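Every chain is numbered from 1, with letters handed out A, B, ... down the list of sequences. Worth saying up front: this structure is predicted, and the values here are computed from it rather than measured. Below, all heavy atoms of this structure are taken into account, side chains as well, without hydrogens, waters or symmetry copies.
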Amino acid sequence: MRVVNLFGETLREAPAETEIVSHQLMLRAGFIRQLAAGIFSYLPLAQRSLRKIEQILREEMDAIGAQEIEMPVVHPAEIWQKTGRWQAIDETMVRFKDRKGHEMVLALTHEEVVAELTRSEIKSYKQLPQAVYQIQTKFRDEQRARGGLIRVREFIMKDSYTLDRDEAGLAIQYTAHYNAYHRIGARVGLNLIAVGSDVGMMGGKVAHEFMYLSPIGEDSLIVCENCDYAANQEIAEFEKPRYDNGPALEMEKVATPGAKTIEDLSQFLGIEPHQTCKAVFFVAEYGKTLKNKLVVALVRGDMEVNDVLVKNWSKANVLRTATPEEITAVGMVPGYASSVGITNDDVLVIADELISLETNLVAGANEEGYHLRNVNCGRDFKPDLIVNIATARSGDTCIKCGAKLTLQRGVEVGNIFQLGTRYTEAMGANYVDEAGQLKAVVMGSYGIGVGRLLACIAEEYRDDRGLKLPISIAPYAVCLISLCRTPEGQERANTLYTELLGAGVETLYDDRKDVSAGVKFADSELRGIPLQIVISEKSMERGGVEWKLRGSDERTIVSLDETVSCMKQEIAKLHALLSERAENAPKWDKG
RNA sequence: CGGGGUGUAGCUCAGUUGGCAGAGUGCAUGUUUUGGGAACAUGAUGUCGCAGGUUCGAGUCCUGUCACCCCGACCA
């Protein structure tokens, strides 16, 4: 492609409303243009990069036996109603009526359609396992788009779905995806870490997110400094320190005027926060049919409540913070609250495991200005659930190896879910096993955001001159810059361009006559093209053309005759580095 | 959805007390340059986000509204 013909300008300055560097650079380099909040056009350079990412995705999906299909973007409401997600998902799902008045939705994922296809195609255990995938635009009306391509409303996603007879089959395909995702990360030049994650609206049991670690990330991750333990903070576990408060003593009421927080209370009574019991209040909403419940989440005073865990344990559709009125309505007093003496069917008490283990804690007396000493779980109150609901924090202890945990930010570029039979049961997607029994097909679901991947690569590979893209996803491998001024020189440059194209070297050719050399260099570097060739009268005097790698200032002379083979060689070297990374990519080792 | 911010030339931004719509950059044309975002000259470019209102007169003041950005909540 000649730069004069390339659609998409480079910008000297980035538009003011951009914050994230990858966003600024992709705008400046002429990769993307924003049409509306979270809605972008991909210009030719981005389109080429996206195609390359998609090609890698296709190769890796094909390699694990998945078959490419394409499913509809517009779905009838019925299939979403069958699985309950019509009700469960908020305005993120775009709904509209067609001309006949039928409720329709824009697909935000395709579990329902896959289950529907499974129902029509899969009848016998002999047809399993199966895996299908597609690469397609999705629309999710996010409450807030941000960060350029990091979080958008319209985006390209590779989504795949596995179908198996049982959990064991699912585990095999899940593992295959896990390994494939690491290979994909390596091939595009990113180190992705797999973290255990919440299943969110997908449902199911096991899930991992593939994270690009970066301060611009939206997710908080708990990562062990020593071993491979890593989890989204939403579900991260940690080794909780224990303290011995002695054998259970008799409960006693104590005046604690004005001591409404754990800190106040500890100071007032001269005790440590870990000798108290913290109560945090939520309201669990269960939709229109079931009554809301007030959820009392109890953790030891030195811990924080993890509301994702509370939401999951409460099985609520929506979990929100309770208002003071809602708390007093069930007989508790904010600031002096505990579940002692509360017996109400509309209250769900969820206690962290520590609460049941520790003795003689201080808890609220449900009376303004009073607390209770020596409160003991089981004796003085009985939680509905005793589970883990404490938030892991930086500095906590790894549950696997005992080392320190750190908090890091990450961008979720992919996720994998073991769905089980939630969707297939709802849709009646069954098969007959060897024994002639009807069973629900076991599903898995796996996504990768293609544009988000590109954004992460741009974030990772850049310098003060612009993008510095890996060969595997750069729109062109070579930028050929001609500074020739004589007709003979220009002819020579044209010939070289033709030869490069003929040899299959993807080349961007800058022979613009009306811009200075500096502009050509700057554009080539801003666009992130890995290899640069300069041809000029001066270079010919030195024996041929000069070439250099993006990111290096070392120019090498190579004769005109050898230029094409030299470039092919350099490209192969760059590819080899990434292939090697792919071969050494992490593999599933979790049994 | 809550809090904050910004809307003036393609982009970055100035615009005083309410009194002719501006600069840099980019764009067009020409001349000179020519290996790191050239110089000079000439020129084109505006629904001052939109709609009302106040005023002799509004980019500027008032009301409403829309869009975009940031933080939070939310998030497959």
Side-chain angles (χ1 to χ4, degrees), chain A residues 8-20 23-24 27-28 30 33-39 85 88-93 107-112 138-148 150-153 155 157-159 197-204 207-210 216 218-220 232 234 307-308 311 317-321 411-417 419 423 445-449 452 464-466 481-486 489 510 512-526 532-542 545-546 548 553 555:
Chain A
E9 295 297 297
T10 54
L11 306 175
R12 195 176 286 212
E13 291 171 286
E17 58 266 18
T18 57
E19 191 98 334
I20 291 179
H23 185 196
Q24 293 174 347
L27 285 169
R28 286 188 51 212
R33 294 289 180 254
Q34 179 163 330
L35 182 63
I39 301 177
R85 292 209 283 187
I89 297 174
D90 61 5
E91 288 78 18
T92 305
M93 180 155 69
L108 18 83
T109 177
H110 281 75
E111 283 76 15
E112 279 77 2
K138 303 260 189 284
F139 192 88
R140 297 180 183 178
D141 196 1
E142 297 288 345
Q143 297 185 37
R144 188 183 150 212
R146 70 183 123 193
I150 294 289
R151 183 164 200 78
V152 290
R153 296 192 292 170
F155 58 100
M157 183 178 185
K158 185 287 301 175
D159 45 328
S197 72
D198 181 51
V199 295
M201 79 166 182
M202 286 297 189
H208 285 87
E209 291 168 341
F210 285 76
I216 66 162
E218 302 179 283
D219 288 276
S220 296
N232 196 307
E234 293 173 351
D307 52 359
V308 171
K311 182 188 170 194
N317 290 354
V318 176
L319 187 80
R320 60 173 173 82
T321 306
V411 179
E412 179 188 351
V413 300
N415 51 33
I416 57 179
F417 296 93
L419 297 177
Y423 296 96
S445 148
Y446 317 82
I448 283 189
R452 192 180 274 187
D464 54 357
R465 292 181 185 174
I481 294 176
S482 166
L483 303 179
C484 299
R485 272 182 295 281
T486 64
D510 196 347
R512 286 178 291 176
K513 307 209 167 31
D514 53 353
V515 301
S516 68
V519 171
K520 295 181 185 179
F521 294 138
D523 279 350
S524 164
E525 283 156 1
L526 176 58
Q532 187 188 89
I533 301 176
V534 178
I535 180 167
S536 66
E537 278 76 31
K538 198 187 282 183
S539 78
M540 292 309 297
E541 282 169 26
R542 291 178 191 156
V545 307
E546 299 160 14
K548 75 176 193 76
D553 282 325
R555 295 176 189 275

- Determine whether any donor atom in the side chain of A:Arg555 lies under 3.5 Å from an acceptor atom in the base of B:G36, or the reverse, and answer yes or no. yes
- Looking only at N and O atoms, is any donor in the side chain of A:Glu9 or the base of B:G26 less than 3.5 Å from an acceptor on the other one? no
When the [atom1] atoms of [M] and [N] are compared, how many Å lie between them, rounded to an integer?
N	M	atom1	result
B:U6	B:U63	P	16 Å
B:U17	B:A44	C1'	34 Å
B:G15	B:U8	P	14 Å

- Query: Considering the options A:His23, A:Gln34, A:Arg28, which one meets the side-chain contact (heavy atoms from CB on, under 4.5 Å) requirement together with A:Thr18?
  - Reply: A:His23
- Task: Give A:Ala522 one of three labels, base, sugar-phosphate or nothing, depending on what nucleic acid heavy atoms sit under 4.0 Å from its own.
- Result: base
- How is A:Leu483 classified with respect to the nucleic acid when contacts are heavy atoms under 4.0 Å: base, sugar-phosphate, or nothing? base
Of the candidate nucleotides [options], which contains the atom at the shortest distance from the side chain of [X]?
X	options	value
A:Ser516	B:G37, B:C1, B:A38	B:A38
A:Val519	B:C68, B:G72, B:A38	B:A38
A:Thr10	B:G72, B:G37, B:U12	B:G37
A:Ala37	B:C74, B:G36, B:C68	B:C68
A:Arg28	B:A38, B:G72, B:G37	B:G37
A:Arg465	B:C70, B:C11, B:G36	B:G36
A:Arg485	B:G36, B:C71, B:U34	B:U34
A:Asp523	B:G37, B:U12, B:G72	B:G37
A:Leu526	B:G36, B:G37, B:A73	B:G37

- Would you indicate, yes or no, if B:G26 has its OP1 or OP2 atom less than 4.0 angstrom from a side-chain nitrogen or oxygen of A:Arg12? yes
- Message: Does B:C69 have its OP1 or OP2 closer than 4.0 Å to a side-chain nitrogen or oxygen of A:Gln34?
- Response: yes
Pairing nucleotide - [N], Watson-Crick or G-U, each distance under 3.5 Å:
N	result
B:G57	none
B:C40	B:G30
B:G52	B:C62
B:A67	B:U6
B:G18	none

- Item | Enclosure of A:Glu537 CD (heavy-atom neighbours >12, cutoff 6.0 Å) | yes
- With sequence neighbours excluded, tell me which residues meet salt bridge (charged side-chain N to carboxylate O under 4.0 Å, His left out) with A:Glu19. none
